Amino acid sequence: MSRLEAKRASLCKSEPLTSERVKATLSVLKGVVTSCYGPAGRLKLLHNGRGGSVRTTSQSAALLASLPVTQPVSKILTTSVQNHVSCFSDCGLFTAILCCNLVENIQRAGLTTTTAITLNKHLLSLCTEYLKSEICACRLPVDFGSARPLLCLARSLLTSKPACLLTREEVEHVAALILRAFLLSVPENAQDRITLGKSVIVPLRGQRVTDSTVLPGMLIEIPEVQLMRILPIKKSDSFKVALFCASLSGDLSETGEGTVVLSYGVSLENAVLDQLLHLGRQLVSDHVDLVICQKVIHPSLKQFLRTHGVIAVDRVGVALMEPLSKMTGTQPIGSLKSVSPSSYGSVKDLCTAKFGFKHFLHLIPNEATVCSLLLCNRNDTAWDELKLTCQTALHALQLTIKEPYVLLGGGCTETHLAAYIRHKTRDEPESILRGDGYTQTELRLISEAFCSALESLAGSLEHDGGEILTDRKYGHFWSVQADSASAVNWPDLLLRCGCGLYSSQEELGWSFLKGTHHPFVPQTCLPREASESASDLTLDCFTAKLSGLQVAVETANLILDLSYVIEDRN
Amino acid sequence: TMAMAAAGSVRAALQVSEVLETIVSCCLGPEGRHILCTKPTGEVLLSRDGGLLLKALHLEHPMARMMVACVSSHLRKTGDGAKTFIIFLCHLLRELRTITDKEKDSLFFKNIQTHGRHWKNCCQWKFISQALLTFQTQILDYVMDHYLSRHFLSIFSSSTGKRTLCRSSLEMLLEAFFCGRVGRNNHTFISQLMCDYFFNCVSCESGFEEVSELVDDCFVELKVGVTGLPVSDSRIIAGLVLHRDFSVYCPAGGDIRIVIVTETIQPLFSTSGSEFILNSEAQFQTSQFWITEKTKAIMKHLQSENVRLLLSSVKQPDLVIYYARVNGISVVECLSSEELSLIQRVTGIAPFVLPQASSQYKISNTALVKFCKPLILSSKSYAHLGLISTCSFIPHCIVLCGPVQGLVEQHEGALHGAFKMLRQLFKDLNLNYVTQASDQNCTSSTHVHKNSRESNQLPEIVNSSNQRTYQGTVVKNEDELAKTHSYSKVYSNLVVSSKELETYIPCSIPEVTPATTYQTDQTLRCLSPNKASIIDDHEPFIESNSASSTRENTRIEISSENAKVTETAEKRSLLPVRYKSLEMSASQSYCFSSIPAGCVLPVGGNFEILLHYYLLSYAKKCQQSEEAMVSIVIANALLGIPKTLYKSKKGNYCFPQIYTRAVHALQTNQPMVSNPAGLESVAGKYQLLTSVLQCLTNILTIDLVINIKRQPQEIYHQDSEEEL
């Protein structure tokens with residue numbers, strides 16, 4: 001019988017966005033995410049005040065997961081960003097900051113909600129159409145014949161996460177490893193549908209970052225004592241592998257819901273052990289070289305296998321089962337009796353390896369789509385951050401296969417988009433309004449709010465009081481260091497734009513990003529040679545950023561559209 | 001403790017409904033905004049759905065709780081109209097208050113001197129509630145059938161004589177529906193999505209009724225919610241997407257067959273309630289061996305029968321999974337019973353029963369699928385099946401994306417509501433009412449619907465003269481009774497089907513709460529023999545009628561009168577109006593008509609303005625002051641809905657302008673809306689109206705609110721009394 005409890009009435013508040021408390025929480029949230037953004041972002045130290053582990057981070061995934069947000073409006077924002085990150089890994093902070101900026105700017109614009117959100121949507125589709133179109137000048141096609149754009153993408157991702165605490169050389173090293181790991185997971189002979197392999201990240205803390213490495217195949221960690229028993233491994237061309245998902249510990253399971261009555265003197269343990277040894281004999285007679293079990297192997301069976309020269313590894317855990325099965329071509333065995341010979345798989349070679357203080361059994365496959373990325377970093381929290389970054393980078397590379405484009409990073413996409421929208425709303429307002437009954441003034445106001453949200457997002461890349469400019473030819477992002485700002489001639493200080501595509505040699509008109517805007521027509525259609533000439537570009541993942549942009553605008557619209565908050569206090 | 005409903009329950013109800021009105025009216029109509037609900041678990045829910053909001057408020061006020069209960073029961077039926085419900089109810093209560101304030105000492109109170117003021121109030125409300133009922137059972141349907149029906153449009157294009165669903169009309173209907181349910185930026189997209197979905201799922205032209213029913217029943221299984229993606233990524237996928245991943249996936253081509261299992265395939269040592277006695281270790285090993293061999297044999301056999309996919313409602317043991325993999329059979333486990341029943345409904349197969357004997361057998365319950373593959377949506381994997389349908393529903397799934405769960409849920413709720421609405425729309429809605437025989441011949445009203453489908457059961461009207469005879473037999477008691485039996489309320493109890501007169505279908509006239517507690521024994525006694533005689537008397541009449549009828553499906557209704565005779569002097573004096581109705585009942589005739597399936601009206605308060613207009617004109621013609629009063633109250637309250645709808649509009653689109661234009665069009669017999677922006681279901685509006693009136697009747701008939709410490713107990717047996 002269920003317990004009945006009196007329900008408390010809910011709390012109902014109208015027009016939540018006008019409330020000072022909500023505004024304050026949103027601006028605190030904005031402050032937190034904005035200060036983390038970009039390569040120069042400030043780190044956040046997360047701790048629970050009771051002596052638990054601490055985490056230094058500047059990534060949205062780690063930050064938002066532990067940030068205690070209770071205020072409902074902020075909660076929408078953070079959940080929305082978290083959901084985006086769980087789908088795309090990248091561009092979480094981008095989404096969060098843009099959303100905050102939009103809410104703030106549009107509220108300030110003082111238009112009615114319906115007008116604001118409709119026009120906002122129109123501007124968003126203007127952006128997405130442009131970004132998807134061929135004339136888009138902030139998008140580069142990725143040619144998989146060259147590794148450079150992919151390497152740039154991986155490098156940009158690593159540099160934008162300062163909490164990894166990497167030096168320039170280390171960034172280069174890890175970026176190359178990430179790219180190798182990614183390439184190893186791509187099958188060699190791809191049919192119409194590519195199934196990517198897996199890159200398993202193996203933790204190795206306390207080592208130098210440059211000790212990190214990528215190995216084809218899989219590494220299974222083994223305690224040193226156990227390793228002694230395995231050695232020496234005989235030489236062979238191929239090793240037969242049996243992979244068990246059922247427990248080989250000799251415990252009884254699945255006897256049904258009824259009761260089992262035992263007569264005196266009957267020992268089921270013995271019976272099961274007999275069975276296990278029988279299985280062992282079958283494995284030996286089938287010439288299996290390596291037995292891997294997800295769960296526990298009974299010591300007697302282990303001993304039996306060892307005496308017959310079969311290597312037994314147990315407790316590998318469920319996470320490794322799928323890549324192991326994929327790599328060796330085995331079917332995980334769920335039966336203790338009569339193992340079908342078709343279930344066995346094989347590996348090309350088997351050896352032991354020592355990295356740092358850890359011992360591993362290294363399984364080298366015949367055909368590699370599974371690889372291990374041994375990742376080292378100085379301390380635990382930096383390692384966690386680096387691992388998260390590597391996962392993000394691998395995911396971003398995978399997304400690039402689906403949509404073979406990258407976006408210009410370093411704030412250039414944002415400023416260019418803003419310039420494009422300004423130009424469009426001024427020159428072709430009718431095409432945006434689509435006869436919805438809104439005036440051009442309303443459109444001008446919203447577009448100003450939208451563009452300045454994008455620009456201040458780009459501006460949050462600068463944390464050291466530097467000056468930010470934009471050129472009036474491409475609409476790219478340029479920054480000048482703070483201390484030298486007042487003294488000399490502008491163009492002398494500006495070397496390259498944010499993404500690194502253009503240098504200040506060319507004739508460009510400059511204007512301050514925060515100052516008044518003189519609309520201009522940004523150059524569209526990126527010339528092909530432009531992308532090929534530059535060597536060191538800052539790039540962003542196309543799919544993640546495009547979706548982040550959409551999610552940010554949709555979430556901002558949702559927040560602006562709230563007229564009541566009903567709080568269930570039960 | 002008891003609490004008097006201070007100053008009548010109406011005042012309290014009005015206060016409550018006004019508070020609710022302010023909340024719901026902010027999300028009404030195309031300009032409506034969102035409400036954010038937080039759950040105690042920390043989840044946030046975004047909603048424009050009135051029903052959800054009312055529930056989320058956890059209202060404490062008993063009157064409010066009653067209203068919410070009424071709204072929920074209305075929503076279960078129709079899936080739409082919660083916000084309009086509250087707004088209309090609020091306006092009705094407001095209207096009632098103004099007229100009662102005005103008529104404090106008018107006809108209702110003159111004869112009450114002995115009772116306290118409170119009870120006096122209660123009586124007053126009760127009469128109004130009775131008048132409301134009369135309105136609902138007689139006037140409303142009459143006005144709908146006689147006046148409003150000429151304005152109805154149909155969602156079907158009837159050029160060929162067969163009903164075909166018109167895509168552009170459906171689009172307009174859905175667009176208008178989603179306008180009030182989802183965010184301003186998404187309603188076009190969502191309605192387009194739903195429209196595509198619907199037409200994708202319908203296999204043949206006449207299957208839309210079945211499809212709307214199936215989708216409404218199984219909507220939860222037919223949608224997949226994905227968070228973290230923009231709404232515009234939502235799409236339709238051919239085939240069925242199960243909310244689980246494969247436990248085993250073996251790519252297969254060619255002839256793929258599926259089976260459904262509801263138990264573990266591996267035999268177990270003992271089932272619940274039984275004992276398994278082991279006498280030796282060898283016995284244990286043998287039984288284990290037998291289990292393994294048996295499982296192996298079953299799986300092998302499945303494979304030989306071309307089964308490539310096993311759908312299981314339970315978790316299968318490792319052994320089964322292993323042999324499935326060995327035999328190249330994919331497995332999906334832990335499917336919900338709803339998912340399985342959907343698959344069964346679509347494919348027509350029954351669960352696979354494990355054979356008891358080990359002999360060879362043929363598996364009959366398998367179905368063919370076009371494909372079976374994993375589907376990855378935002379890094380979560382699902383099993384995707386290309387089921388081949390045996391009914392008129394072609395399986396498709398809707399993938400709904402949104403940045404937050406709350407928004408996805410909102411879209412799910414709106415879509416589900418839309419399918420409920422369509423389901424209602426595709427059905428005829430019966431109208432029953434009483435007309436004066438002299439007034440008009442009812443058959444004229446049937447001409448209005450002549451474009452509806454052939455099978456539509458057109459009402460046949462019973463000659464009123466046939467009924468008059470029993471009137472006399474009931475009222476052959478003492479003189480006094482004959483005079484007072486003003487309450488001889490007429491119920492039509494019997495609907496006799498045409499040919500054989502075998503089945504008796506009860507008619508769906510809303511049950512009327514007996515108004516008085518006093519019923520004389522004599523009348524009750526004389527009722528039952530009377531009833532029998534009515535049927536006897538009528539037989540020749542029916543036969544003659546059905547013989548002359550050309551149509552197969554014609555229904556002939558006979559109404560027997562279930563007279564309840566009341567005897568209270570008090571009542572007599574209170575309701576002078578009632579007397580007249582008795583005299584006239586002699587010439588009454590019963591009309592059975594319907595709102596045909598697919599009837600729609602242009603959106604934007606058209607239904608309300610039309611009904612308002614015709615109710616007022618009805619009230620003008622109406623001789624009975626009570627009926628007229630109720631009609632005017634309802635007519636005025638109806639205007640509250642368009643008023644709220646056009647609240648923020650200015651200039652040409654403000655409410656007074658729209659109203660004047662509409663009335664002018666009606667007076668000059670011009671079409672009200674030249675090119676409508678959207679459509680709405682008439683049946684839905686009608687049901688909303690009746691639901692609100694029922695709720696109002698409930699409110700008005702309450703005289704005391706009693707606060708009890710325990711939950712109201714359900715009484716099952718007599719002996720449970722002892723507890724108290």
Side-chain angles (χ1 to χ4, degrees), chain A residues 4 7-10 12 16 72-73 75-76 79-80 83-88 113-114 117-118 121 245-246 254-263 266-268 270-271 274-275 331-335 337-338 340 342-343 547 550-551 554-555 557-558 561-570, chain B residues 23 26-27 31 33-40 42 44 46 53 56-60 183-185 227-233 266 268-281 284-285 288-289 292 296 317-323 325-326 378-379 402-407 711:
Chain A
L4 282 169
K7 293 246 184 219
R8 289 175 70 200
S10 300
C12 189
V73 177
K75 183 110 185 168
I76 290 198
T79 9
S80 168
N83 288 335
H84 165 83
V85 170
S86 72
C87 290
F88 297 99
T113 317
T114 26
I117 64 173
T118 316
K121 175 90 175 176
C245 59
E254 288 158 8
T255 53
E257 286 172 350
T259 41
V260 175
V261 180
L262 293 179
S263 299
V266 176
S267 156
L268 288 187
N270 276 339
D274 274 355
Q275 237 172 39
Q331 290 166 337
I333 300 163
S335 157
K337 294 160 285 286
S338 68
S340 157
S342 65
S343 308
S547 185
Q550 286 169 287
V551 165
E554 280 184 9
T555 312
N557 280 345
L558 268 185
D561 205 18
L562 293 178
S563 67
Y564 275 95
V565 172
I566 297 173
E567 217 168 318
D568 192 333
R569 295 173 301 166
N570 288 296
Chain B
I23 297 174
C26 81
C27 37
E31 303 278 317
R33 294 170 64 187
H34 277 103
I35 290 185
L36 177 71
C37 303
T38 62
K39 289 185 192 163
V44 288
L46 280 152
L53 295 179
L57 282 169
H58 290 304
L59 296 164
E60 270 170 355
R184 186 169 176 78
N185 281 328
T227 52
L229 298 179
V231 177
S232 52
D233 281 7
Q266 175 184 348
L268 295 168
F269 270 100
S270 56
T271 52
S272 103
S274 71
E275 271 186 3
F276 181 78
I277 299 167
L278 278 173
N279 288 322
S280 69
E281 285 154 30
F284 170 73
Q285 277 169 349
Q288 279 218 319
F289 181 73
T292 313
K296 194 172 162 184
D318 284 346
L319 194 65
V320 177
I321 297 295
Y322 173 61
Y323 281 114
R325 203 178 270 131
V326 167
S378 108
S379 65
V404 279
Q405 181 64 25
L407 193 66
Q711 278 281 309

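All values below were derived from every heavy atom in this structure, side-chain atoms included, with hydrogens, water molecules and symmetry-related copies excluded. The shown structure was predicted, so the numbers you read here are calculated from the model rather than taken from an experiment. Throughout, protein chains are lettered first and strands after them, A, B, ... in sequence-line order, and every chain is numbered starting at 1.
- Rounded to the nearest 0.5 angstrom, I76(A) CD1 and L46(B) CG are separated by 4.0 Å.
- Residues satisfying the side-chain hydrogen bond (donor to acceptor under 3.5 Å, both in side chains) criterion with E281(B), sequence neighbours excluded, are absent altogether.
- Under the 4.5 Å side-chain criterion, counting only non-hydrogen atoms from C-beta, S379(B) is not in contact with C87(A).
- With values rounded to the nearest 0.5 angstrom, L558(A) atom CG is found 12.0 Å from R33(B) atom CZ.
- The backbone N or O of A271(A) sits less than 3.5 Å from a side-chain atom of Q285(B), completing a donor-acceptor pair.
- Residue with the most contacts toward chain A among V231(B), V320(B), L59(B): V231(B) (heavy-atom pairs, distance under 4.5 Å).
- Annotation: the span from N83(A) atom CG to L229(B) atom CG amounts to 9.0 Å, rounded to 0.5 Å.
- Across E567(A), E554(A), Q275(A), Q550(A), the residue that shares the most heavy-atom pairs under 4.5 angstrom with chain B is E554(A).
- Note: L57(B) leads V44(B), L407(B), L57(B) in heavy-atom pairs under 4.5 Å with chain A.
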Quiz item: Yes or no on side-chain contact (heavy atoms from CB on, under 4.5 Å) for S343(A) and V326(B), after CA distance, side-chain angles and deciding distance?
Solution: CA-CA 7 Å; S343(A) 308; V326(B) 167; 3.9 Å; yes
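- Between R184(B) and the choices N557(A), T118(A), T114(A), the side-chain hydrogen bond (donor to acceptor under 3.5 Å, both in side chains) rule is met once, by T118(A).
- Note that OG of S340(A) and CZ of R325(B) are 12.0 Å apart. Values are rounded to the nearest 0.5 Å.
- Remark: Q331(A) CD to I321(B) CD1 distance equals 12.5 Å, nearest 0.5 Å.
- Ranked by heavy-atom pairs under 4.5 Å with chain B, the list C12(A), C245(A), P72(A) is led by P72(A).
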Quiz prompt | Working for side-chain contact (heavy atoms from CB on, under 4.5 Å), residues Y564(A) and I23(B) | solution = CA-CA 8 Å; Y564(A) 275 95; I23(B) 297 174; 4.2 Å; yes
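- Put simply, the residue from T38(B), I35(B), L36(B) that forms a side chain to side chain contact (heavy atoms under 4.5 Å, CB included) with I566(A) is I35(B).
- Looking at S86(A), only its backbone comes within 4.5 Å of chain B, counting heavy atoms on both sides.
- Both the backbone and the side chain of D561(A) come within contact range of chain B, with heavy atoms under 4.5 Å apart.
- T79(A) has its side chain out of reach of Q405(B): every pair of non-hydrogen atoms, C-beta onward, lies at least 4.5 Å apart.
- Shown here are the ring-ring contact (aromatic ring centres under 6.0 Å, His included) partners of Y323(B), two or more places apart in sequence or in another chain: there are none.
- Looking at every heavy atom in both residues, S335(A) comes nearest to T292(B) through OG-CG2, 4.3 Å.
- To the nearest 0.5 Å, the span separating OG1 on T113(A) from NE2 on H34(B) amounts to 12.0 Å.
- Between chain B and the options V266(A), N270(A), V85(A), T555(A), heavy-atom pairs under 4.5 Å are most frequent for V266(A).
- Without hydrogens or angle criteria, N185(B) side chain to I117(A) main chain gives a donor-acceptor distance under 3.5 Å.
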